[in-house]
Amino acid sequence: MTKKDNMDNDALVLTKSKPKTKKPSMYKVLLLNDDFTPMEFVVLILERFFNADHQRAVSIMLTIHQKGLAVVGVYPHEIAETKVTQVMDFSRKNQHPLQCTMEKE
Ligand code: TYC
């Protein structure tokens with residue numbers, strides 16, 4: 001990570017340059033409570049799309065049920081968008097009104 005600055009052909013100066021790669025911005029994926037989606041369906045969503053084991057999925061689902069929403073994962077933009085789309089598509093196909101959104105961390 002050094003840059004060679006050759007100044008007037010005699011002094012060779014080594015200067016540090018900043019690395020040019022940036023960490024990607026991260027996005028929280030949120031699952032929202034509603035009065036109609038069955039608890040078991042939310043548990044299935046958490047197991048299938050957010051890799052939660054059954055016990056953790058039940059615990060997160062109950063948090064959403066009680067508090068109104070929960071962050072269910074944090075991902076780079078494209079992955080977060082994919083998760084939201086997967087959840088919304090799967091919920092719509094099963095005729096549940098479950099809502100999933102993302103916001104910048
Ligand atoms: N509140 C729903 C019920 O009582 C369960 C539920 C939990 C729905 C979490 C959505 O994101 C949710 N059947």
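Atoms within each ligand, like the ligands themselves, are counted from 1 in listed order. Bear in mind the structure is a predicted one, so any value in this text is a computation, not a measurement.
Taking atom 8 (C) of ligand 1 as the reference point, the nearest protein heavy-atom neighbour is N33 OD1, 3.4 Å. Looking at atom 2 (C) of ligand 1, its nearest protein heavy atom turns out to be D34 O, 3.2 Å. Counting protein heavy atoms only, atom 3 (C) of ligand 1 is closest to T37 O, 3.6 Å. With respect to atom 4 (O) of ligand 1, the closest heavy atom belonging to the protein is H65 CE1, 3.1 Å. Counting protein heavy atoms only, atom 9 (C) of ligand 1 is closest to I64 CG2, 3.5 Å.
By the 4.0 Å N-to-carboxylate-O rule, E105 lies too far from K28 to be salt-bridged with it.
A distance-only check finds a donor-acceptor pair linking the side chain of T63 to the backbone of S59 [under 3.5 Å]. Remark: side-chain polar atoms of N94 are not paired, donor with acceptor, to backbone N or O of H96 under 3.5 angstrom.
Interface of L98 with ligand 1, defined as ligand atoms under 4.0 Å from a residue heavy atom, comprises 10 (C), 11 (O), 12 (C).
F90 and F41 have their aromatic ring centers within a separation under 6.0 angstrom.
By the rule that hydrophobic residues join a cluster once side-chain heavy atoms approach within less than 4.5 Å of another member, I60 and L62 end up as members of one cluster. M61 and L30 are not part of a single hydrophobic cluster, where members link through side-chain heavy atoms under 4.5 Å apart.
Contacts between L32 and ligand 1, counted as non-hydrogen atom pairs separated by less than 4.0 Å, involve the backbone only.
Inclusion of D35 in the set of residues having an N or O under 3.5 Å from an N or O of ligand 1 is not warranted.
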